[in-house]
Structure formats: C-alpha cells, structure tokens
Engineer: 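Here's a structure for you.
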Amino acid sequence: MNNPQRSLFFNVDWIAVIIYLCLCTIGWFNIHSAAFDPRYPSAFDMHTDYGKQLVFIIVAVSLAIIILLLESRFIVALAPAIYAITTLLLMAVLVVGRNVGGNQAWISLGGGFRLQPSELAKFSTCLLLARYLNGTNVKITELKSFLIAAGIILFPMALIMLQPDAGSTLVFSALILVLYREGLSPYFLILEGLFITLFVLTLKVDNHLYVIGPLVAIALIVMLLFKRNKKVVSTVFLGLCMCIAFIFCVNFLYNHILKPHQKARIDIVLGITTDLRGRGYNVNQSKIAIGSGKLWGQGYMHGTQTTYKFVPEQSTDFIFCTVGEEWGFAGAVTVLGLYLFLVLRIIRIAERQRSTFTRVYAYGVASVIFFHVVINVGMTIGIVPSIGIPLPFISYGGSSLVSFTLLLFVLIKLDSNRMGIIYA
C-alpha cells in the first residue's frame, strides 16, 4: 500500500492553490491587454511582455510542484543558506546591477531577462525569521531576542535602501505584524501608526505647535486617567517625548533624506502640489482609467486608457487600473475579494499549526501580501504615494511572480505537514 505521506498532493490546501491559479490567470489576461502589440498578436511571442509572462507562469507553477516534492525539514534547514545567498545578491546588485527607473535593483541574466534580488529577499527574510523565532528560549519580549529578530529584518532593508528602492524597503516593515503576533507589545504598532500620522500632519501644517499641542493634551488626559498605573504613565510620557522629537525631525528627513521624486509623489498625494503633466501624470491617468470602467467595465481589450497606452507602467505597477477600466467595479471587487480570501486563508492556516516555525512563516507571508495589495491598489487610486511595488501574482515580472510563488507554496508544503512538529 502506498504511504499517503509520500503523495505529492497529500494534505494540500487546495483553496489557496485555486486562488493562486485564478490570480495568475487574471494577471496574464490583463498584461496581455495592457501590453498588447498588434505586430506580435500571438500570446506566445517572446518579443512581448505577455509572452514572457506566460513563460514566467509556467516556470512558477513548475517551481510550486518542485516545492511540494521537498521535505519540510529540508526547507527549514536551508533557511540560513537562502538568506545568505539573497544577501550576497543584494550586495552584488549594488556593484553589477542594472539601473532601471533610477533604481539599481536588477541583475541582467541575458535574453532580455532580469533578476530582482529584493523580491527574493522577502521570502528568505520570512524563512529565517520563522526559524529564529522557532528556536528554544527565544522570546520576542526579551531585548536580545527582539534585537536579533529586528536585525534579520533590517539588514536586507538597509541593502535595498542603498539601491535605492524605497518601495521594496517599506515592504519589510509589514513584518512587525509577525512580531506582534508572537508577543511584541502593541505599543510598537501604536507608535508606528503615530509616526506615520505625525509625518503627514507636520507636512500639511506649517506651525509645529498646531500638531504638538493636541498631542500633549491627549497624552495628559491619558496620564491623568491612568495616574495610578506608573507603567502606563511612564510609557505615555516616553512616547510623547519620542513623538515630539520626531516632529522636529520631519522637515530634515523630508528635505535631506528623501529623493526629489519621492518628495514630489508625497506632495501630490497630500495635495500640497498638483502636477498632472509631470510627477502626477501616472496616478491621474490611472484614476481616469478606473473611473471610466464604471460598474461592469469597458470590456476586455476595449479600455481606451489601456488601448492607447495613456498609463505608463500599466503592466507592472499600475496593472490594477487595467482591471478597473476593462472589468469595472465588479471586476475590481472580485480581484480584491480574492486577495482578502487568500490573506484570511493564510491566517487560518497559521492558526491551525502545531509548529511555531510554520505559524510565524505564515504570518510573514500574509503580512507581505497584504502590504503589497494595499499599497499597490492605493497607488493606482491616488491615496498613497507611488512607490513602485507590484501587485502579487498579477503584475508583470518573473522575479515578483517567482518570489510570491515561493512564499505561498513553501507555506502550503509546510501546512501539509501540520500534524507533525517542525524543529529548526
């Protein structure tokens, strides 16, 4: 009798697999529409993005099958090596990388193909973070454990920022949700949210006192309400001091750290400036495309913004506007619904694990996918700055598709072994 444990598809979460295949298919059709070239009408023509994407999908699905053939323990054991390799690639790209769009983030592989190490770094970081937090006597509430976990996340972030690729760098900040799930104080999440809010308010309001005043008042009220709890009072006071210091640092960060194109994108989103023919052109055309789709869309390959190439980078960063224009509100909601279902499915997978490793890794996958979707869709509708990150499984690009396939199918493989315990 065959051992079911050795079956390729034993215990596979088919719901996650079906969602993955649906998103890849939706992606290919929208890339075909956005990048269609009448000179090369064949969907298999390697002169076109849609021809290449089809190859990427075949490679990604083949990779997924290979992952399902591996032993779970083998994946865990390779975590440090995979992290080391992607780190070396991130270093190499700074020396031999190809500059595209102002970012030196790609290594040329020949034949028109490129490798983006920052995409693979998301997978390797989730893997090593899970391995570390699965270790004996590792508690995220202890300073040493927290600093090591933070170092695993921050090291690739620093290398990616040197490219400089702010968008990919920010993706790693989503992994704070993993640390929170493993016991990190919610104060860190509150502080992160406060810093983002204060950054926006400080740029919008000329006088710092208008921002500091309400902040101090709220802090005083909280301290009075909890005056008998010295821990809460001291925490709020420390947080207040950090927030005030951050407010006075915002202008320096904005004027001396951010690049001119990054500042321009932030100004446009905040309404500080308008530049519909310059920096704001992409977002404005994207919003026109999405709005023109109305309820049911203009039809496959019938979108005017898409057909006449009004939206730059429409097959990559702005692929969601093709969905909105050609498939309308109904299509956009369907795509977002698939992503929501996938993220919730991954969280469910995480919570049914007996292994800390798999649970931590699953939350890492959910965090990265969730961040990508929220920011990418937010870019196309103009509510967040355009930072150039792909829409998972849908945007054109081999590195992106392979990276997200690795993320998801390693989780599916680990989950198939959920009745056992995985040791690092």
Side-chain angles (χ1 to χ4, degrees), residues 20 23-24 26-28 30-31 34-35 46 48-64 66-67 78 82-128 156-157 159-172 174-175 313-320 364-365 367-369 371-373 375-376 379 387-411:
Y20 165 81
L23 289 171
C24 288
I26 290 169
W28 183 83
N30 282 279
I31 291 167
M46 293 302 294
T48 64
D49 285 352
Y50 41 91
K52 292 177 182 177
Q53 186 69 11
L54 191 57
V55 172
F56 296 151
I57 292 172
I58 294 171
V59 170
V61 171
S62 302
L63 178 62
I66 292 171
I67 291 170
L78 280 179
I82 295 172
Y83 186 85
I85 291 169
T86 54
T87 299
L88 291 173
L89 287 173
L90 288 174
M91 294 177 179
V93 80
L94 298 175
V95 180
V96 300
R98 180 179 175 184
N99 194 301
V100 178
N103 297 333
Q104 191 167 322
W106 285 266
I107 296 175
S108 179
L109 300 178
F113 294 96
R114 304 192 301 259
L115 173 68
Q116 189 176 6
S118 59
E119 291 294 333
L120 299 177
K122 299 165 191 175
F123 164 66
S124 65
T125 301
C126 288
L127 208 56
L128 187 62
M157 287 179 71
L159 293 175
I160 294 169
M161 197 61 194
L162 291 175
Q163 294 177 2
D165 185 353
S168 295
T169 303
L170 287 174
V171 172
F172 289 80
L175 295 178
E313 310 297 336
Q314 194 167 351
S315 63
T316 53
D317 299 343
F318 285 87
I319 190 72
F320 187 74
V365 175
S367 299
V368 170
I369 292 176
F371 186 92
H372 266 267
V373 173
I375 299 302
N376 182 278
M379 284 176 0
I387 58 175
I389 61 173
L391 191 60
F393 311 115
I394 289 183
S395 289
Y396 169 78
S399 295
S400 170
L401 182 58
V402 166
S403 171
F404 282 112
T405 299
L406 280 169
L407 275 167
L408 182 60
F409 275 86
V410 164
L411 173 60

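Just so it is clear, the model here is predicted, and its values are computed rather than measured.
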Engineer: Short question: side chain of Gln314, backbone of Ala35 - any donor-acceptor pair under 3.5 Å?
Structural biologist: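 Not at all, since once roles are kept as given, no pair shorter than 3.5 Å links the two residues.
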
Engineer: Is the shortest heavy-atom distance from the side chain of Phe320 to the side chain of Ile394 under 4.5 Å?
Structural biologist: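 Phe320 does not reach Ile394 side chain to side chain.
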
Engineer: Assess whether side-chain contact (heavy atoms from CB on, under 4.5 Å) is satisfied between Thr125 and Tyr83, documenting all intermediate values.
Structural biologist: CA-CA 6 Å; Thr125 301; Tyr83 186 85; 3.9 Å; yes

Engineer: If you round to the nearest 0.5 Å, how far is CG of Asn376 from CZ of Phe318?
Structural biologist: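 Separation between the atoms: 8.0 Å.
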
Engineer: Does Thr86 reach the side chain of Pro156, with side-chain heavy atoms less than 4.5 Å apart?
Structural biologist: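 Thr86 vs Pro156: side chains apart.
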
Engineer: Can you name the residues that form a side chain to side chain contact (heavy atoms under 4.5 Å, CB included) with Leu170, not counting sequence neighbours?
Structural biologist: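 With sequence neighbours excluded, Leu170 shows a side chain to side chain contact (heavy atoms under 4.5 Å, CB included) to Phe371, Ile387, given in chain and number order.
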
Engineer: Output the distance between atom NE2 (His372) and atom CZ (Phe393), rounded to the nearest 0.5 Å.
Structural biologist: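 Reported value, rounded in 0.5 Å steps: 10.0 Å.
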
Engineer: Atom OH of Tyr50 and atom OG of Ser315: how far apart are they, to the nearest 0.5 Å?
Structural biologist: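 Separation between the atoms: 11.0 Å.
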
Engineer: Which pairs of donor and acceptor atoms, one on a side chain in residues 401-410, lie under 3.5 Å apart (sequence neighbours left out)?
Structural biologist:
| residue | atom | partner | partner atom | Å |
| --- | --- | --- | --- | --- |
| Ser403 | OG | Glu119 | O | 2.5 |
| Thr405 | OG1 | Tyr20 | OH | 2.9 |
| Thr405 | OG1 | Leu401 | O | 2.7 |

Engineer: Which value, rounded to the nearest 0.5 Å, describes the distance between Asp49 atom CG and Leu54 atom CG?
Structural biologist: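 Reported to 0.5 Å precision, the distance equals 12.5 Å.
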
Engineer: Who passes side-chain hydrogen bond (donor to acceptor under 3.5 Å, both in side chains) against Ser395, sequence neighbours left out?
Structural biologist: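 Residues passing side-chain hydrogen bond (donor to acceptor under 3.5 Å, both in side chains) with Ser395: none at all.
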
Engineer: Go through Gln163 and Leu94 one step at a time and tell me if the side-chain contact (heavy atoms from CB on, under 4.5 Å) criterion holds.
Structural biologist: CA-CA 6 Å; Gln163 294 177 2; Leu94 298 175; 3.9 Å; yes

Engineer: Please report the shortest heavy-atom distance between Pro117 and Ile107, naming the atom on each side.
Structural biologist: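 It is CG-CD1, 4.0 Å.
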
Engineer: Could I get the full list of ring pair (Phe, Tyr, Trp, His ring centres under 6.0 Å) partners for Phe56, not counting sequence neighbours?
Structural biologist: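 In terms of ring pair (Phe, Tyr, Trp, His ring centres under 6.0 Å), with neighbours along the sequence ignored, Phe56 is linked to Phe113, Tyr396.
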
Engineer: My understanding is that only residues two or more places apart in sequence, or in another chain, count here; which of them pass side-chain hydrogen bond (donor to acceptor under 3.5 Å, both in side chains) with Ser367?
Structural biologist: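 If we apply the side-chain hydrogen bond (donor to acceptor under 3.5 Å, both in side chains) test to Ser367, skipping adjacent residues, there are no hits.
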
Engineer: Within the structure provided, determine whether Ile31 and Thr316 are in side-chain contact (heavy-atom separation under 4.5 Å).
Structural biologist: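 Ile31 does not reach Thr316 side chain to side chain.
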
Engineer: Provide the closest heavy-atom pair for Gln104 versus Val93 in the form atom of the first, atom of the second, distance.
Structural biologist: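 Answer, listing the atom of Gln104 first, then Val93: NE2-O, 3.1 Å.
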
Engineer: Working to the nearest 0.5 angstrom, can you tell me the gap between Ser118 OG and Ile160 CD1?
Structural biologist: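 Going from OG on Ser118 over to CD1 on Ile160, the span is 5.0 Å.
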
Engineer: Looking at residues at least two apart in the chain, or sitting in another chain, which of them share a side-chain hydrogen bond (donor to acceptor under 3.5 Å, both in side chains) with Asp165?
Structural biologist: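 Asp165: side-chain hydrogen bond (donor to acceptor under 3.5 Å, both in side chains) contacts with Ser168.
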
Engineer: Measure the CG-CG distance between Leu120 and Leu115 for me, rounded to the nearest 0.5 Å.
Structural biologist: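 Answer for the CG-CG pair, Leu120 versus Leu115, is 5.5 Å.
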
